[in-house]
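Treat the numbers as computed from the prediction; the structure is a model and nothing was measured. Just so it is clear, the values below take in all heavy atoms, side chains as well, and ignore hydrogens, waters and symmetry mates.
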Amino acid sequence: MREPVAIIVGNTEILWSSIIIVIAVAAGFFMMHSLYIANGGKRLRLVFFYPPAVCFSYIIGKGIFYYCHMEQYPSFKSALNLSETGFNMSGIVIGLCLSGFIVCIMDIKKSYPAILDGAAPGTAMVIGLLNLVHLYDDGCRGNAVLTDERYHMLPYASPVINTNGEISYRLATFFIGFILFMMAGILLKYFYIKYSDIKGRTFSLFILIFSSIEFILDSTRYDSDYFPFNGFVSVIQIFGGIMILSVSVIFTMRSVRANDFKWYHMILILLILASMGAAGYLEYLIQRHGDRWQTYYLLMSLSCICMICFPYIMGLTASSELKTKKD
């Protein structure tokens, strides 16, 4: 499906997807500016952080997509074209971390997590808005076909024209992602305002939410990105699993350091591993028994919620360390 043109100026065509991308990037900047500056951040530091973060995110996200779909492009340079909508969202998280690290090298007095905390709410909204790019193509739809005409509309389904010219209404994964990440952005905004003094907490919650949402959304897609050497678990699912496990390990280490090893640490560790294992097993069941996708995705949703809650609870058990330091 050829993407409709929004504006024509001479021989230049501006696509709708390009407009959405610009709006998303601008919205992320202004949200980070309002939150980060209001909580003691410096504008100059923000200027050195945000533009490189956008560049790194774009290049890395496009690079991951190109690596997974090299047959679609003659070269990596062609994949970087703004008119090409192929992009892997994990590049945004990597780009943020890389840009924040560089800024902290330039200004060693600044806390690395503090910059990422300020970027988290805006980044969630950027990801939500970027999902709307797929309004104008056939990407980011679900494998599931909705036959009930009551659901042949957003946010449930979106029409897709197959090779025979027939229209099928597939699960509107992109629009569900838009709604979920916009809600996450609002939640993280108020979370950051309340806990901005606890460095790293907002960004850690963002990582947990991002990884869990993307895990289940990517499971529904018919166009997920897979490494050439692995066609079972998608790139974003592998990335999300690594991120959740990393945050859980960090929180566990902090909690054990603050309170020594307690009985509840073992319970939380087992619950974290069980929720991740359940999500992985349900992904296997969905690929083997797609006709039961409603039940399996309901259970996977519960597993993904647990993948957010249990690591976060582990982080809360380390609060006594913070309290002791303040006292």
Should the pair D197-R201 be classified as a salt bridge under the 4.0 Å nitrogen-to-oxygen rule?
no

Is it the case that more than 12 heavy atoms not belonging to F76 sit under 6.0 Å from its CZ atom?
yes

For F56 and I94: C-alpha separation, side-chain torsions, deciding distance, then whether side chain to side chain contact (heavy atoms under 4.5 Å, CB included) applies.
CA-CA 8 Å; F56 290 146; I94 300 173; over 6 Å; no

D218 side-chain N/O to E214 backbone N/O, donor-acceptor pair under 3.5 Å
no

Hey, can you pull the donor-acceptor pairs under 3.5 Å for the side chains in residues 298-310, sequence neighbours left out?
from, atom 1, to, atom 2, distance (Å)
S301, OG, Y297, O, 2.7
S303, OG, L299, O, 3.2

Hey, is the main chain of G200 close enough, under 3.5 Å, to the side chain of D117 for a donor-acceptor pair?
yes

Test your reading of the model: is there a side-chain donor-acceptor pair from Q287 to the backbone of F232, 3.5 Å cut-off?
yes

About how many Å separate CG of L245 and CG of L273, when rounded to the nearest 0.5 Å?
7.0 Å

Treat each ILVMFWY residue as a node, draw an edge where side-chain heavy atoms are under 4.5 Å apart, and state whether F175 and Y222 are in one component.
no

Got D138 and I161 here, is their nearest side-chain heavy-atom distance under 4.5 Å?
no

In sequence, state the C-alpha distance, the side-chain angles, and the governing distance for L180 and F178, and then conclude on side chain to side chain contact (heavy atoms under 4.5 Å, CB included).
CA-CA 6 Å; L180 291 177; F178 162 70; over 6 Å; no

Tell me if the CD atom of Q294 is crowded by more than 12 foreign heavy atoms within 6.0 Å.
yes

Could you measure the distance from the OG atom of S34 to the NZ atom of K189? Nearest 0.5 Å is fine.
7.0 Å

For Y264, does the OH atom have more than 12 heavy-atom neighbours from other residues, nucleotides or ligands under 6.0 Å away?
yes

Applying side chain to side chain contact (heavy atoms under 4.5 Å, CB included), run through V145 and L171 and close with a yes or a no.
CA-CA 6 Å; V145 177; L171 185 68; over 6 Å; no

Could you check whether the rings of H152 and Y169 sit parallel, tilted or perpendicular, using 30° and 60° as the cut-offs?
parallel

Quick check for you: to the nearest 0.5 Å, what is the distance between I127 atom CD1 and S57 atom OG?
9.0 Å

Between atom OG of S90 and atom CD1 of I242, what is the distance when rounded to the nearest 0.5 Å?
10.0 Å

If we only count heavy atoms from C-beta on, is the L270 to M266 side-chain gap below 4.5 Å?
yes

Can you see which heavy atom on A114 is nearest to which on Y36, and at what distance?
O-CE1, 3.9 Å

Taking every heavy atom of F49 against every heavy atom of S99, the minimum-distance pair comes out as O-OG, 2.6 Å

Kindly work out whether a path of hydrophobic side-chain contacts (I/L/V/M/F/W/Y, heavy atoms less than 4.5 Å apart) joins I176 to V160.
no

Taking Y66 for its side chain and Q72 for its backbone only, find out whether a donor-acceptor pair lies under 3.5 Å.
no

Ring centres under 6.0 angstrom apart (F29, Y50):
yes

Donor-acceptor pair, D223 side chain versus C140 backbone, under 3.5 Å?
yes

Within-4.5 Å side-chain heavy-atom neighbours: L146 and R170
no

Residue pair F215 / Q237: nearest heavy atoms and the distance that separates them:
O-NE2, 3.1 Å

What distance separates I207 CD1 from I244 CD1, expressed to the nearest 0.5 Å?
9.5 Å

Flag yes if I238 and V249 sit in one hydrophobic cluster, no otherwise; membership is Ile, Leu, Val, Met, Phe, Trp, Tyr, and two members link when side-chain heavy atoms are under 4.5 Å apart.
no

Below 30° counts as parallel, above 60° as perpendicular, anything between as tilted: where do the rings of F181 and F210 land?
tilted

Hey, what do you get for CD1 (I213) to CE (M183), rounding to the nearest 0.5 Å?
8.5 Å

Return yes if some donor-acceptor pair links the side-chain N/O of T317 with the main-chain N/O of M314 below 3.5 Å, else return no.
yes

Shortest non-hydrogen separation from T202 to Y192 and the atoms involved
OG1-CA, 3.5 Å

Between R43 and H33, a side-chain donor and acceptor under 3.5 Å:
yes

Ignoring hydrogens, what is the shortest heavy-atom contact between I179 and P155? Give both atom names and the distance.
CD1-CB, 3.8 Å

Check: N88 and C68 side chains under 4.5 Å, non-hydrogen atoms
no

Under a 4.5 Å cut-off applied to non-hydrogen side-chain atoms, are I102 and F48 in contact?
no

Please answer: with hydrophobic residues joined when any side-chain heavy atoms are less than 4.5 Å apart, are V93 and F101 in the same cluster?
yes

Does any N or O in the side chain of T173 come within less than 3.5 Å of the main-chain N or O of T220, such that one atom is a donor and the other an acceptor?
no

Is atom CE of M253 surrounded by more than 12 heavy atoms (other residues, nucleotides or ligands) closer than 6.0 Å?
no

Between S212 and I209, is there a donor-acceptor pair closer than 3.5 Å when you use the side chain of the first and the backbone of the second?
no

Below 4.5 Å, heavy atoms only, C-beta onward: do F87 and F65 meet side chain to side chain?
no

Quiz question: by atom type and distance under 3.5 Å, do the side chains of D225 and S234 form a donor-acceptor pair?
no

Tell me whether S275 contacts the main-chain N or O of I272 through its side chain, where contact means a donor paired with an acceptor under 3.5 Å.
yes

Any side-chain heavy-atom pair of S168 and E166 under 4.5 Å
no

Kindly state whether the ring of H69 and the ring of Y73 have centres lying under 6.0 angstrom apart.
no

Which word best sums up how the rings of Y284 and Y281 line up, parallel for under 30°, tilted for 30 to 60°, or perpendicular for over 60°?
parallel

Relative to each other, are the rings of Y151 and Y156 parallel, tilted or perpendicular (30° and 60° limits)?
perpendicular

Should M182 and F30 be counted in the same cluster of Ile, Leu, Val, Met, Phe, Trp and Tyr side chains packed under 4.5 Å apart?
yes

Can you tell me which residue among V25, I21, I20, I19 is in a side chain to side chain contact (heavy atoms under 4.5 Å, CB included) with I23?
I19

Within the 4.5 Å heavy-atom criterion, are L217 and I236 side-chain neighbours or not?
no

Between S158 and R141, is any side-chain donor less than 3.5 angstrom from a side-chain acceptor?
yes

Test item: side-chain donor near acceptor, H265 and T252, under 3.5 Å:
no

List the steps, then state whether side chain to side chain contact (heavy atoms under 4.5 Å, CB included) holds for F203 with C97.
CA-CA 10 Å; F203 187 71; C97 295; 3.9 Å; yes

Which atom of F251 lies closest to which atom of P311, heavy atoms considered:
CD1-O, 3.0 Å

